Structures are given as C-alpha cells and as structure tokens.
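Predicted, not measured: the structure shown is a model, and the values here were computed from it.
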Amino acid sequence: MREASLNNEVKTSRWSNPMAIAKLASVSSMREHETIKGLVAVIAAASAWGTVPLFVKHAERSAALSPFFESFALMAGMTLASAPLALGARRSGRLPVRALLAVGACEALNVACLLLALRSTSVAVAMTAHHLAPILVALAAGALLGERLRGRVLWASSASLLGLALMLSPWSSAPSLSGGLFGLASAVFLASNVLLSKRLTRDLSGAELLFFRSLFALPLLALLSPRSTWTSPDVASALWLVVAGAGPGVLGGLLFLWGLSRVSAGRAATLTLLEPLVAIALSLALLGERPTGAALAGGLLILASAAAVLLEPPAPPAQNTEIVADREIRS
C-alpha cells in the first residue's frame with residue numbers, strides 16, 4: 001500500500017515538480033550509461049578469450065597434453081591470478097557456498113563435455129553445438145531471472161550461430177551422434193554457468209566469483225585428467241597454459257562478470273559469440289590462411305548480430321525507479 005501510494009504521488013509530481021522530472025531523467029541516463037559500459041566490457045571479454053587458443057597451440061607444440069590437463073592448467077592460472085583480487089574485494093557476509101559449488105561444477109563440466117565433443121566429432125560440429133548456449137540463455141533468462149524475452153536478442157543469437165556455422169562448415173564432415181550430444185551438453189552447462197553467475201553478481205564481486213568458480217572447478221578437472229599426465233608433466237607447456245589462464249583468461253572473466261552485472265544475460269551471452277570470430281580472425285592473420293567466401297559471410301553475420309544487440313533500445317525503467325527518485329528528492 002505504501003509503495004503504491006508513493007508511486008501515485010510521483011506520477012502526479014511529474015507535472016508539478018520540475019525536480020522530479022530532472023531526477024527521473026538523471027536516473028534513466030545513468031542506467032543507460034551503465035548498460036553501455038557493460039556491453040563494451042562483454043565485447044572486450046570475448047576478444048580477450050579469443051586469444052587463448054593461440055597460447056594453447058603454442059603449448060601443444062612442445063608436448064602432447066591431455067585436453068583435461070590443459071583445462072586444469074588454464075583454470076589453475078585463473079585461480080592463482082584472481083586470488084589476490086578476490087581477497088582485496090571480499091565483502092562481509094557468508095559466502096553462497098552451494099551456489100558457488102554449482103557454478104564451479106558447471107564450469108568444469110562445460111569444458112569437459114566440449115573436450116569430449118572435440119574428441120568424438122569434428123571441431124566444426126563440436127563448436128557449433130557448443131555455441132547453442134546463447135539461445136538457451138535467452139530462452140531461460142525469463143523464467144529463471146525474470147528478464148523479458150526480447151525478440152531482437154533471440155534473433156541475434158540465432159543469426160550469430162548461423163554465422164558461426166558458415167565459418168566452420170560443420171556439414172563438410174560426417175557428424176557423430178555422441179559428439180553432437182557432448183557439444184549440446186557443453187552448451188547446457190555453459191548456459192547454466194551464465195545464468196548462475198548472473199544471480200551471484202548480486203552478492204559477489206566479479207573477482208570473488210571468478211576465483212571461487214575456478215577454485216571449485218579444479219578438483220573435478222583433476223579427477224578427469226589421466227594419471228599419466230601427473231606422472232610426467234611437461235613443465236614448459238603447462239606454464240604456457242597457466243599464463244593463458246592468468247592473463248587473457250582472468251582478464252576476460254573479470255570483464256565478462258562486470259559487464260554481466262550491468263546487462264541482461266541474453267545480451268551478454270549473444271555477444272560472447274564474438275570470441276570464436278576473434279580466434280578465427282587471429283589464426284587467419286598469423287597463419288596466413290585465406291578465408292572462404294562462406295567464412296567471410298559468416299563473420300559479417302556475427303558482426304551484424306552484435307551490432308543489433310548493441311543498438312537495441314534500452315529496457316523500460318524498473319517499476320520502482322520512480323519511487324526511488326521521489327525518495328531521493330524528498331531527502
């Protein structure tokens with residue numbers, strides 16, 4: 001009753017109180033500015049993650065490593081680099097341990113299923129199935145996070161997936177049912193990771209969330225790594241992977257979580273499809289390969305989809321924005 005009364009008072013004051021009008025405009029402008037910064041952060045995160053495959057390729061030149069050990073080394077680098085940042089940003093209060101265990105398990109299972117998909121089928125099929133995640137996030141965010149399902153985000157994520165398929169051409173190789181299922185499972189775990197992280201950004205800083213998510217993923221990845229990897233590890237290759245995790249891995253993680261706290265999960269997940277575009281572009285530039293016409297068309301489609309997400313009109317103000325503004329005026 002009290003809230004409805006205040007809301008009616010604010011609506012009436014729009015026409016009689018210039019301060020109310022100015023305050024509401026200021027609140028809306030500030031929120032739009034934060035959204036723009038969040039979108040830019042997610043784009044920067046995807047670009048940083050796109051450089052990680054270059055480190056992995058360099059590490060694989062020295063020794064043949066288990067994919068699970070590669071993931072463990074990357075996650076170890078992220079854990080070590082984010083630890084001091086997390087301690088410095090630690091807030092008071094109890095940690096949501098169960099939620100962090102869940103997001104850590106999703107992180108590890110996402111990587112594990114993707115690697116199993118890469119072993120079972122072609123890279124193109126595995127990566128295309130894996131990047132169904134943005135569509136799953138857009139569909140589930142409404143029910144789980146209360147976000148409004150926006151047609152533009154759903155169409156942009158679908159168009160980005162089509163663009164990725166054009167770049168990778170998964171139809172050029174014989175698909176494997178098990179590989180496709182593992183790729184789809186990785187997409188489900190990645191989408192779950194994004195949705196859980198979105199919830200946790202309300203209670204934890206990006207550094208805290210990144211650290212505990214990586215820390216809780218390590219034991220599961222260690223169990224999945226074959227014993228032979230631990231008996232005779234290649235130190236030089238492992239260091240390259242740790243550096244990749246501690247550098248672009250942590251930078252991308254921090255930027256993504258910071259941006260995720262300011263934009264909807266659907267928009268953030270769609271923009272992460274820029275990651276494979278950056279990785280493929282860097283590989284083409286450094287290896288001197290020539291892209292096909294289909295690959296160029298796919299890259300342009302991903303860029304157009306990202307532009308559609310960036311140019312999406314801002315969401316309508318929250319129901320209580322007017323109430324908050326009125327209280328600040330009265331104070």
Discussion item. Would the distance check show the side chain of S186 and the main-chain N or O of G183 forming a donor-acceptor pair, the cut-off being under 3.5 Å?
Written reply: yes
Discussion item. Whether the side chain of R199 engages the backbone of L195 through a donor-acceptor N/O pair (distance < 3.5 Å, no angle test) should be reported.
Written reply: no
Response to the item:
When every non-hydrogen atom of M75 is compared with those of S214, the smallest separation belongs to CG-O, 3.6 Å
Worksheet item: Are any of the side-chain heavy atoms of I135 and S158 separated by less than 4.5 Å?
Response: yes
Worksheet item: Among the clusters formed by ILVMFWY side chains lying less than 4.5 Å apart, do L87 and W258 turn up in the same one?
Response: no
Fill in: salt bridge (charged side-chain N to carboxylate O under 4.0 Å, His left out) partners of K37, counting only residues at least two apart
E34
Worksheet item: How many angstroms lie between CG in L200 and CZ in R202, if you round to the nearest 0.5 Å?
Response: 9.5 Å
Discussion item. Looking at L221, is its backbone amide N or carbonyl O close enough to the side chain of S225 to form a donor-acceptor pair, meaning the two atoms are under 3.5 Å apart?
Written reply: yes
Fill in: Set of residues satisfying salt bridge (charged side-chain N to carboxylate O under 4.0 Å, His left out) with respect to E107, sequence neighbours excluded
R213
Item to complete: May I have the step-by-step check of side-chain contact (heavy atoms from CB on, under 4.5 Å) for V111 and F72, ending in yes or no?
Response: CA-CA 10 Å; V111 176; F72 178 87; over 6 Å; no
Worksheet entry | Residue pair V188, L136: steps toward the side-chain contact (heavy atoms from CB on, under 4.5 Å) verdict | CA-CA 7 Å; V188 171; L136 299 178; 4.1 Å; yes
Discussion item. M127 vs L114, test: side-chain contact (heavy atoms from CB on, under 4.5 Å). Steps then yes/no.
Written reply: CA-CA 8 Å; M127 294 304 294; L114 177 58; 4.0 Å; yes
Response to the item:
In terms of heavy-atom contacts, H131 and L161 come closest through O-CD1, 3.5 Å
Worksheet item: Going from CG on L220 to CG on L101, what distance comes out if it is rounded to the nearest 0.5 angstrom?
Response: 11.5 Å
Discussion item. Which residue in the set V242, L74, L215 passes side-chain contact (heavy atoms from CB on, under 4.5 Å) when paired with T79?
Written reply: L215
Item to complete: Measure across L277 and G299 and return the closest heavy-atom pair with its distance rounded to 0.1 Å.
Response: CD1-CA, 3.8 Å
Discussion item. Measuring from atom CZ of F211 to atom CG of L204, what distance do you get when rounded to the nearest 0.5 angstrom?
Written reply: 12.0 Å
Worksheet item: Hey, any chance I36 and V153 share a hydrophobic cluster, counting ILVMFWY side chains that come within less than 4.5 Å of each other, even indirectly?
Response: no
Discussion item. Would a single hydrophobic cluster contain both L303 and V309, if residues Ile, Leu, Val, Met, Phe, Trp and Tyr are joined by side-chain heavy-atom contacts under 4.5 Å?
Written reply: yes
Worksheet item: Atom SG of C113 and atom CG of L190: how far apart are they, to the nearest 0.5 Å?
Response: 11.0 Å
Worksheet item: Can you list the steps and then say if L100 with L209 is a side-chain contact (heavy atoms from CB on, under 4.5 Å)?
Response: CA-CA 8 Å; L100 287 170; L209 181 50; 3.8 Å; yes
Worksheet item: Taking a hydrophobic cluster as the set of Ile, Leu, Val, Met, Phe, Trp and Tyr residues connected by side-chain heavy atoms closer than 4.5 Å, whether directly or through intermediates, do F55 and L239 fall within one such cluster?
Response: no
Discussion item. What's the separation between atom OG in S197 and atom CG in L257, rounded to the nearest 0.5 Å?
Written reply: 5.5 Å
Worksheet item: Where is the tightest heavy-atom contact between L301 and G163, given as atom of each residue plus distance?
Response: CD2-N, 3.6 Å
Worksheet item: Can a donor-acceptor pair be found between the side chains of S205 and E208 at a distance below 3.5 Å?
Response: yes
Practice prompt. Please answer: with hydrophobic residues joined when any side-chain heavy atoms are less than 4.5 Å apart, are V103 and L145 in the same cluster?
Written response: yes
Worksheet item: At their closest point, which heavy atom of S120 faces which heavy atom of F182, and how far apart are they?
Response: OG-CD1, 3.9 Å
Fill in: Pairwise distance CG(L115) to CG(L224) - rounded to 0.5 angstrom
9.5 Å
Practice prompt. Taking the side chain as every heavy atom from C-beta outward, state whether R267 and T35 have any pair of such atoms under 4.5 Å apart.
Written response: yes
Discussion item. Ignoring hydrogens, what is the shortest heavy-atom contact between S157 and T270? Give both atom names and the distance.
Written reply: CB-OG1, 3.5 Å
Discussion item. A side-chain contact here means heavy atoms from C-beta on lying under 4.5 Å apart; do V42 and L255 qualify?
Written reply: no
Worksheet item: Can you tell me if E70 uses its side chain to pair, donor with acceptor, with the backbone of V56 under 3.5 Å?
Response: no
